[in-house]
Amino acid sequence: MIPFSRRGFIRFLSSFAIGVAFTSACGPGWAAADVFDLDPDRKDLIHTARNPAAIAKLPQDFAFANPGFFTIANTASGGPPLSTYANDAKTVVGADPDIARLIADALGLELKTVVVAWADWPLGLVSRKYDAVISNVGVTEERKEKFDFSTYRQGLHGFFTLEGRGIDSIVEPKDIAGLRIIVGAGTNQERILLAWDKLNRAAGLPPAELQYFDDEATRLIALRSGRADVIVQPNAQLVYIAARDGDIRRVGTLSAGWPERSDVAVTTRKGSGLAEAVTEAINGAILDGSYAAVLQRWQLTEETLPESRTNPPGLPKY
């Protein structure tokens, strides 16, 4: 038997209790496949038609990383519904890969996905290992100095609460007054909530209490046990948790760029000319309905854009 110190034994019991509680809260045998179709050989893939207008905007001297393919980088770490591994543990599936497929279709190419670590995609893109990055990359003013962007989804954070908690809507700063809110330390969501709380305090409203936890399991336990009223994370992450567990619901969304707007975009090499063709391809998919079908399939309709734009204003430098 491995000896425990008193402190170590207490930590062990605490970790074990959290694991048991989380498993119980999520239900027995839950899996990503229980919520979304993660079959690598799905027969109902969404496609769009070849888009002559998009192809015409390709620079004549543009050399694709792999001839005949639209090669994209994806981290496969966003989790469902954005991007994750299929049941075969090697095929990347999710909303981002499906959007990438629409762009490839529009450009008359096959899709090739390269899985990379988040920290590696900038260098890989500059060195032409792939043509684009489609992996939940938000438009920022700093990134625009080095890359071009074609928007395809709103960057949203979600406010979610437990069913029956009595919170119906969070759309503006006064709505968080007096609430206990779970948020990640150092995140963009925290920055916005602190700004909202400052406005509320200046208006004489009760302050919000921000709570910080290290992992998803403890965050959800805090919400379900009544220690917190609301959890704030990227909307897509909570969409999956809500669909998986069935006991939390969205009561509001918040632009990642508040008070401005910050969208998610296909990232391409600065000045390569590919961005204009990609933007045209996305807009064609918006018009024919295939774009909406992809977001609906992954329960991300709230993140729909009316049009794709090339290099729009992004998250400012702070």
Side-chain angles (χ1 to χ4, degrees), residues 25 35-36 78-82 95 136 138-139 151-213 216 218-264 292 295-296 298-306 313-316 318:
V35 182
F36 298 108
L82 296 180
N136 199 39
V139 180
T151 57
Y152 67 94
R153 242 185 37 242
Q154 289 190 58
L156 293 183
H157 302 316
F159 293 98
F160 281 66
T161 188
L162 199 67
E163 289 285 0
R165 189 56 58 83
I167 300 170
D168 296 321
S169 178
I170 298 178
V171 296
E172 57 184 322
K174 68 179 182 63
D175 296 332
I176 70 165
L179 295 182
R180 300 164 299 168
I181 306 174
I182 299 170
V183 66
T187 62
N188 190 40
Q189 302 99 308
E190 182 195 34
R191 174 190 68 81
I192 295 170
L193 290 178
L194 289 173
W196 280 24
D197 190 54
K198 184 177 180 179
L199 292 173
N200 286 341
R201 289 170 185 260
L205 295 173
E209 177 190 321
L210 302 191
Q211 300 182 3
Y212 305 94
F213 300 96
E216 179 182 296
T218 50
R219 287 194 293 269
L220 293 176
I221 288 173
L223 184 67
R224 291 177 174 128
S225 67
R227 289 180 57 190
D229 303 304
V230 176
I231 185 170
V232 180
Q233 285 181 206
N235 179 63
Q237 295 175 358
L238 291 170
V239 163
Y240 171 69
I241 294 170
R244 181 193 70 193
D245 298 353
D247 63 347
I248 67 171
R249 61 185 175 86
R250 180 173 46 231
V251 291
T253 57
L254 170 68
S255 173
W258 185 92
E260 304 299 330
R261 177 171 166 160
S262 177
D263 292 331
V264 176
L295 294 190
Q296 183 178 21
W298 297 102
Q299 300 185 27
L300 294 174
T301 299
E302 291 79 12
E303 302 190 7
T304 298
L305 289 177
L315 191 67
Y318 291 101

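Note: hydrogens, waters and symmetry copies are ignored here, and every other heavy atom, side chains too, is used. The first residue in the sequence is number 1, and the count goes up from there. Everything quoted here is computed from the prediction, not taken from an experiment.
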Point to revise | Any side-chain heavy-atom pair of Val230 and Ile167 under 4.5 Å | key: yes
Point to revise | Shortest non-hydrogen separation from Ala222 to Ser225 and the atoms involved | key: O-OG, 3.2 Å
Exercise for review: Of all the heavy-atom pairs spanning Pro173 and Leu199, show the shortest one and how long it is.
Suggested key: CG-CD1, 4.1 Å
Exercise for review: Apply side chain to side chain contact (heavy atoms under 4.5 Å, CB included) to the pair Leu220 and Arg224, showing each step before the final yes or no.
Suggested key: CA-CA 6 Å; Leu220 293 176; Arg224 291 177 174 128; 3.5 Å; yes
Contacts table for residues 174-183: side-chain donor-acceptor under 3.5 angstrom, sequence neighbours left out:
residue	atom	partner	partner atom	Å
Asp175	OD2	Val171	N	2.8
Asp175	OD2	Glu172	N	3.1
Arg180	NE	Asp229	OD2	3.2
Arg180	NH1	Gly226	O	2.9
Arg180	NH1	Arg227	O	3.2
Arg180	NH2	Gly226	O	3.0
Arg180	NH2	Asp229	OD1	2.9

Review point. Any side-chain heavy atom of Ile192 sitting closer than 4.5 Å to one from Gln189?
Key: no
Exercise for review: Check for a donor-acceptor pair, side chain of Gln296 on one end and backbone N or O of Ala292 on the other, with a separation under 3.5 Å.
Suggested key: no
Review point. Any side-chain heavy atom of Leu254 sitting closer than 4.5 Å to one from Trp196?
Key: yes
Exercise for review: Search all heavy atoms of Ala236 against all heavy atoms of Pro81 and return the closest pair with its distance.
Suggested key: O-CD, 3.1 Å
Exercise for review: Decide yes or no for Glu216 and Ile241: does some side-chain heavy atom of the first lie under 4.5 Å from some side-chain heavy atom of the second?
Suggested key: yes
Review point. Is there a donor-acceptor pair under 3.5 Å between the side chain of Thr253 and the backbone N or O of His157?
Key: no
Check your understanding: Can you tell me if Asn235 and Glu302 form a side-chain donor-acceptor pair at under 3.5 Å?
Key -> no
Check your understanding: Are Asp247 and Arg165 close enough for a salt bridge, meaning some N to O gap below 4.0 Å?
Key -> no
Review point. If you round to the nearest 0.5 Å, how far is CG of Asn136 from OH of Tyr152?
Key: 6.0 Å
Check your understanding: Does Asp197 use its side chain to pair, donor to acceptor, with the backbone of Ala208 at less than 3.5 Å?
Key -> yes
Check your understanding: Roughly how far, to the nearest 0.5 Å, is the OG1 atom of Thr301 from the CG atom of Leu295?
Key -> 6.5 Å
Practice item. Sequence neighbours left out, what passes salt bridge (Lys or Arg N to Asp or Glu O under 4.0 Å) with Arg261? Give chain and number order. Key: Asp263
Practice item. Determine, for Glu163 against Arg250, whether the closest basic-nitrogen to carboxylate-oxygen distance falls under 4.0 angstrom. Key: no
Point to revise | Contact check, side chains of Gln154 and Val264, non-hydrogen atoms, under 4.5 Å | key: no
**Study point:** Worked check of side chain to side chain contact (heavy atoms under 4.5 Å, CB included) between Leu193 and Glu190
**Key:** CA-CA 5 Å; Leu193 290 178; Glu190 182 195 34; 5.8 Å; no
Review point. Rounded to the nearest 0.5 Å, how far apart are CG of Leu238 and CZ of Phe160?
Key: 5.0 Å
Check your understanding: Does the side chain of Asn200 come within less than 4.5 Å of Pro207's, by heavy atoms?
Key -> no
Exercise for review: Measure the CG-CG distance between Leu82 and Leu300 for me, rounded to the nearest 0.5 Å.
Suggested key: 6.0 Å
Review point. With no hydrogens and no angle check, do the side chains of Gln299 and Tyr240 hold a donor and an acceptor under 3.5 Å apart?
Key: no
Exercise for review: In sequence, state the C-alpha distance, the side-chain angles, and the governing distance for Thr161 and Ile170, and then conclude on side chain to side chain contact (heavy atoms under 4.5 Å, CB included).
Suggested key: CA-CA 10 Å; Thr161 188; Ile170 298 178; over 6 Å; no
Revision key, fill the gap. All heavy atoms of Ser262 vs all of Ser255, minimum pair found to be N-OG, 3.6 Å
Check your understanding: Can a donor-acceptor pair be found between the side chains of Gln233 and Arg219 at a distance below 3.5 Å?
Key -> yes
Study note, to complete from the structure: Here the pair of heavy atoms bringing Glu303 nearest to Leu156 is CG-CD1, 3.8 Å
Check your understanding: Taking C-beta and beyond as the side chain, do Ser169 and Val251 meet within less than 4.5 Å on heavy atoms?
Key -> no
